[in-house]
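The basis for the numbers below is simple: all heavy atoms, side chains too, and nothing from hydrogens, waters or symmetry mates. All values reported here derive from a predicted model rather than from experimental measurement.
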Amino acid sequence: MIKPPALRPFILTLAALLALPAAASDSTAVLRGLQQIQNIIEKSERDAARAREAQERQEAAEMQRLQAQQAQEAKQKQAREAEARRTRDAELAALTPPAPWGGNLVFHRRLLENAPNEQQASLRIAGADSATIAADGSHLVYLAEDRRLILRELPSGRERVLRSNLDRSGWYSPNLPADAGTLLLSGSNGAELMNLQGGRLQQWQEADISAWAYKHSVIVTKQQFYPERFCRWVGQYDVRTGQATSRLTLDPPAERCVSRINTAGQLEVLAIDGDTVRHYVDGQQGQRFRGDSRRGSSDTHLIYGFVGELPYVVSYLHANQPNTEPFRVWDLATGKLLCELPRSNHGSLSASAEGDAFITSPPALVSLPSCERRPLASSGMLNVEGGFAFQYQPGEVLVRTLPDLALKHRLAVSFADQRGGGVALRRLPGQPRYLAVGPWVWNAQEGESTEFFDLEDGQRLLTQPGGLALTGPYTQLGKRGFRSGEETSSQFWKVNLGQPRVDTTQTFLAALKKDKYETAAEYRARTRALSAPFEMDIQVKDYDAEAGHFVGEWRGVPIGIPLAASQARRLDGISPLTVKGQLAPVDEDFIELRDASILLPDGSSQPVARKPLAPRAAMPAAAAPSPAPKAAASATASAKTQAGSSCSGTLAHLAPKLRAYSDPLLAEVRQAILSAPVHREAAAGARQQAALAEASAADAARSAQQTDGGVNSIARADAGTLPLNWPCEGIHASAVCMYIAHGWEALAYRELAANKACAPG
């Protein structure tokens, strides 16, 4: 509190100063003046004291008001939190399978209906250091954590172990060359080519060996980059048989080698020693010339590379830090330097299979040997393939035809290269009509996706997680572990383009809806045969040894995985568990995953034994739809409940069916119903009252639909997706609330009628 300043010292001093001239003439008058000033001072002090007291009283009252307000707000917050907890508990209770089913793969259908459309992985390999899929999608090969090399047939899932007990101290990279029917396994201790039954076709066991499949050959190089730099020999082998077709031995060794297979199927090698470059074709030396003499700093490397299949070579300085050193382009026929071209630190000079040369970043086309450069943008990425130039810039890809560079499509894309890993602009293997835009598969992170576009009409057709695999028609997302004990895995999503895609889960759910012309018996008979493939990741909490099942959660709701203890021990500590099977209806509320199996860490599957489900007490029969709204219809269905489950003193057991809306009107109606006593007098006229309530609900629904505005509130109320804080204010909103309240009223009366036989009194 700010107090007024003290007035006495100031006024007394002022009075003394004013009294000096008067003291010589009239001391009495001065004394009277001082007394008058004293009275003014005292009055001022009394007024100030009263003001202070009033201000203190006001501040105390304000403090009390604030404290009361805070207490009221805290009380309201506690009430809201308590109501929210009750709502969550009630909804969880409604979604949780009955206790006798707790150890089975059973869940409420609402978990599928309300969940977003999730793209289930077509393939999932757990505990794998490396996984690769064949170009035709027929096989997948992976290295399990126990160092077994495993080949899986697709789509049957049958597996074959090709190698066991591979050296744990080394690294391995398996590959399935296109159209070869073989498998190439490269690693830190050499390389091996085998057939798909595991038979060895060729093996290279020397140190410092690198091998890769290229066209219809395997190129094998013996070279080292650190601590010593050398290249001793390069060999070409038939990818189907492993037979050697060409070999170049360098004596003395070169510092570095660069290899390719030319259009004639011959092995070409560049051997680099300092600034001297030798060009070999099929083991015979052709041109020898003085090449690039640039060296840069200690962390800079001079790189040579072929420009696609063109008769040109490019050299450039590569460094971790940005540099402006240009590309240098060399003519292989003459060994002459053709030109220098501007380069960014992340750009490269390449050429398409059709011979169109281009710089990836910043995007530019290059005419060789004239070196004419046609810039397309100051930033972004470029790829040229099949007569098109695909130019990426944030938010879009420009599709241009070659050679005129006419704009064919402007594609809006979502992927943004925020981590600097680059953008993959690739046509789908085997289906060049479609363009894939997304992260490179080795850089793809959780949450990143690849988009697919139709190059004929420019439409976006599909979005899938991960990056497009380097070989087959799948997107792939891998989690790699570099330290012992880290989890590793790979997921694959099949790219289905050029054929209709069917959402089997939604088709299954749609088939569960009852036709109004079906009898209950016909409905049960039809849905009994329904099924659909499904995959779910279950968070494991514990194992119940007495009941023989894992205790877990799926989408926040309890679920069990029946598994014998001897089998469950193998999965100790693994969560989530991936379970695959077939969806099948248990009743109109619950669904079971049958013919289920768990994907084990080594990539194999563990079947899950199905426990028979005991009949659920008070199972509602399938209700025939009526002209009344769904809320009233659900009340009619509830009336058919068996008396065994609803014979209670109140209607409190209806809580899961009455959503806990926060509006006072609906909250009051809900509480009144739940606390309503059950007795014969109430049950006597219940059916008539239920019919009246259903008619009122129908009237309210019509009023709500006439003022709907396209938001479909009645449908949301029926589906249980209307916000719990829905306000009962305004014409439309209040009509929706009346629809809900009368629906609840009808439900309560039908329940009373069903309880007539067992009501007390």
Modelled atom types, side-chain donor and acceptor of [X] and [Y], under 3.5 Å:
X	Y	result
D292	S315	yes
E354	S352	yes
E153	H139	no
Q391	R400	yes
T132	N175	no
Q266	Y280	no
D537	T578	yes

> So W330 and F306, ring pair (Phe, Tyr, Trp, His ring centres under 6.0 Å) or not? Walk me through it.
Replying inline: CA-CA 10 Å; W330 309 83; F306 290 103; over 10 Å; no
Less than 4.0 Å between a side-chain N and a carboxylate O, is that true for [Y] and [X]?
X	Y	answer
R433	D454	yes
R294	E325	yes
R410	E396	yes
D251	R232	no
D331	K336	no
R426	E385	no

With a 4.5 Å heavy-atom cut-off, do [X] and [Y] have their side chains touching?
X	Y	value
Q223	W233	no
V277	L270	yes
W493	P465	yes

>> Ignoring hydrogens, what is the shortest heavy-atom contact between I150 and A144? Give both atom names and the distance.
In response: CD1-CB, 4.1 Å
Taking [Y]'s backbone N and O only, do any of them form a donor-acceptor pair with [X]'s side chain (distance below 3.5 Å, no angle check)?
X	Y	answer
T463	E451	no
S367	S370	no
K215	G265	no
Q236	A244	no
T221	S210	no
Q224	D208	no
T241	Q243	yes

Within a radius of less than 6.0 Å around [atom1] of [X], do more than 12 heavy atoms belonging to other residues, nucleotides or ligands occur?
X	atom1	result
N262	CG	yes
Q197	CD	yes
R160	CZ	yes
N165	CG	no

> Would you call the rings of W440 and W442 parallel, tilted or perpendicular if under 30° counts as parallel and over 60° as perpendicular?
Replying inline: parallel
>> For F327, does the six-membered ring have the charged nitrogen or CZ of R343 within the cation-pi criterion, i.e. under 6.0 angstrom from the centroid and within 45° of the normal?
In response: yes
